[in-house]
Amino acid sequence: MPELPEVETIVRDLRPHLRGRRLAAVLSVNPLVLRYPSAESFRVAAEGAVFGVLGRRGKFIHAPLSSGDQLVVHLGMTGTLTLEHGAEPVRAHTHLRLQLDSGQELRYRDPRRFGRVLLGPERHLRQAGLLPPLGPDPLDRTFVGWPGNGPVRSSGRAVKAVLLDQEVVAGCGNIYADEALYLARLRPTRPASSLSASQWARLGAALTVVMKEAIRRRGTSFSDYRDGFGARGEAYESLMVYGRSGLPCVRCGRSLVARRIAGRTTVYCRWCQR
DNA sequence: AACGAGTCCTGATCGC
DNA sequence: TGCGATCAGGACTCGT
């Protein structure tokens, strides 16, 4: 599922190809994934607009348009955003097709439809609650000192649950939460309030490390994820715990265990993570 | 406040 | 071979 590294990879892939391109036509838009505005308003607002510099905030892709609107895409679990030649066959579950003046098409595909598409002025989207508040991003300078001295540090929630909270750290999902906890040698069930200052520092550093390493490998592909050109990433091979329940811990050799924490399958080493 | 449970959804996988 | 059950989970809602 696309988390921060996968979304970042897509954004970096698409950015140079979209910048300055005119959105010639909305070939199709599925109202089921378009959260705002209506399909007709979307068409009127989008057609003719020119793409600015593509950006990312947490797991959200932001495409500023010359009209002042932002085209915002969240990929959910199975979403892909790819640039293809218009002649390429349109795959099933393609919910948005934007024709560019370059002859290429920007296509959003999402079999499970957990993702969403928004269009409008950012302030408006935010005020309408369509863009939720996000915490600091592990790739950003503002992440230094995370998580600060706020209520997170005294929370009784499991640290795994805290990592999945986008308001605490933007862009972290189930895969990289487990990877960061493993790298920081912290047990996912630990109440957040039980972590020492140095353990928080270790966890923050681990988040940044696992995200950067996954970006270097162009993201984790084990099911639906594809980069901006439809290719797979290579980070799956380097995962230490996610998807490795029952397999030996690469550090101590003992079997990794799976537990359900915060409603998510969580894999960790009972020996190495305390 | 914070937790679990339910919801949305399709495809991969498994047991029979 | 086929079919039903199960599982995967991001973000949201609802109930406790």
Side-chain angles (χ1 to χ4, degrees), chain A residues 1-8 10 30-36 56-62 72-81 90-96 107-118 125-126 128-135 137-138 147 150-181 188-195 207 211 214 219-226 232 235-236 239 241-247 256-268:
Chain A
M1 42 255 38
E3 301 180 24
L4 186 155
E6 290 75 33
V7 178
E8 179 68 19
I10 291 168
N30 184 348
L32 289 172
V33 301
L34 182 63
R35 296 291 181 90
Y36 186 89
R56 176 190 62 78
R57 297 186 203 160
K59 301 174 192 170
F60 289 85
I61 298 169
H62 284 252
V72 180
V73 178
H74 191 296
L75 300 173
M77 282 191 52
T78 57
T80 56
L81 190 66
V90 179
R91 302 184 64 189
H93 311 295
T94 298
H95 306 301
L96 178 66
R107 292 176 177 173
Y108 167 67
R109 179 175 180 265
D110 184 6
R112 282 180 229 183
R113 276 195 267 129
F114 279 16
R116 73 202 75 171
V117 174
L118 304 163
L125 298 176
R126 215 165 281 288
L130 296 165
L131 286 177
L134 297 175
D137 190 299
V152 172
R153 293 277 291 270
S154 52
S155 163
R157 304 162 74 189
V159 63
K160 164 76 181 252
V162 166
L163 292 183
L164 294 177
D165 185 342
Q166 300 300 299
E167 214 166 329
V168 175
V169 46
C172 187
N174 203 37
I175 297 174
Y176 299 108
D178 281 9
E179 294 300 313
L181 287 164
T189 51
R190 284 271 298 272
S193 57
S194 75
L195 270 63
L207 276 168
M211 298 291 183
T220 297
S221 295
F222 63 91
S223 57
D224 302 88
Y225 166 73
R226 295 295 184 275
R232 304 175 74 91
Y236 189 59
L239 297 182
V241 284
Y242 183 86
R244 300 192 67 245
S245 170
L247 296 174
L256 298 172
V257 297
R259 262 193 66 174
R260 240 177 141 70
I261 302 170
R264 298 285 172 263
T265 299
T266 303
V267 183
Y268 64 99

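Every chain is numbered from 1, with letters handed out A, B, ... down the list of sequences.
Rounding to whole angstrom units, CG of residue Leu118(A) and P of dG10(C) are separated by 19 Å. To the nearest angstrom, C1' of dC3(B) lies 16 Å from NZ of Lys160(A). Regarding Arg260(A), its CZ atom lies at a distance of 16 Å from the P atom of dC3(B), rounded to whole Å. Distance Asn30(A) CG to dC9(B) P: 11 Å, rounded to the nearest Å. The distance from atom OH of Tyr108(A) to atom C1' of dC9(B) is 11 Å, rounded to the nearest whole Å. Rounded to whole Å, atom C1' of dG10(C) lies 12 Å from atom CD1 of Ile175(A). Look at CZ on Arg112(A): it is 14 Å from P on dC7(C), rounded to the nearest Å. The CG atom of Leu32(A) sits 8 Å away from the P atom of dC9(B) (whole-angstrom rounding).
Between dC9(B) and His93(A), no contact under 4.0 Å exists linking OP1 or OP2 to a side-chain N or O. In this structure, Tyr176(A) does not reach the dG10(C) phosphate: none of its side-chain N or O atoms is under 4.0 Å from OP1 or OP2. Between dT10(B) and Arg113(A), a contact under 4.0 Å exists linking OP1 or OP2 to a side-chain N or O. Proximity of Thr265(A) to the phosphate of dA8(C): a side-chain N or O atom is located under 4.0 Å from OP1 or OP2. The phosphate of dC3(B) (OP1 or OP2) has a side-chain N or O of Arg157(A) nearer than 4.0 angstrom.
Dense packing is recorded around CZ of Arg153(A), with more than 12 heavy atoms of other residues, nucleotides or ligands lying under 6.0 Å away.
If you take CG on Leu207(A) and CG on Leu181(A), they are separated by 7.5 Å, rounding to the nearest 0.5 Å.
The closest donor-acceptor contact from the side chain of Thr78(A) to the backbone of Gly76(A) lies at 3.5 Å or more, if one exists at all. Remark: side-chain polar atoms of Glu3(A) are not paired, donor with acceptor, to backbone N or O of Lys59(A) under 3.5 angstrom. No donor-acceptor distance shorter than 3.5 angstrom exists from the side chain of Asp178(A) to the backbone of Val241(A), with no hydrogens or angles considered. At least one donor-acceptor pair closer than 3.5 Å links the side chain of His95(A) to the backbone N or O of Asp110(A). In terms of modelled atom types and a separation under 3.5 Å, the side chain of Gln166(A) and the main chain of Gly171(A) share a donor-acceptor contact.
Among the candidates Arg264(A), Lys160(A), Glu179(A), the single residue satisfying the side chain to side chain donor-acceptor pair (under 3.5 Å) test with Asn174(A) is Lys160(A).
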If a protein heavy atom is under 4.0 Å from the base, mark B; if only from the sugar-phosphate, S; if neither, -; do that for nucleotides 11-16 of chain C going 5' to 3'. BS----
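Side-chain contact between Arg56(A) and Leu4(A): present, with at least one pair of heavy atoms (C-beta onward) separated by less than 4.5 Å.
Axis angle across the helix from dA2(B)-dT16(C) to dC16(B)-dG2(C), with five pairs used at each end and values rounded to 10°: 50°.
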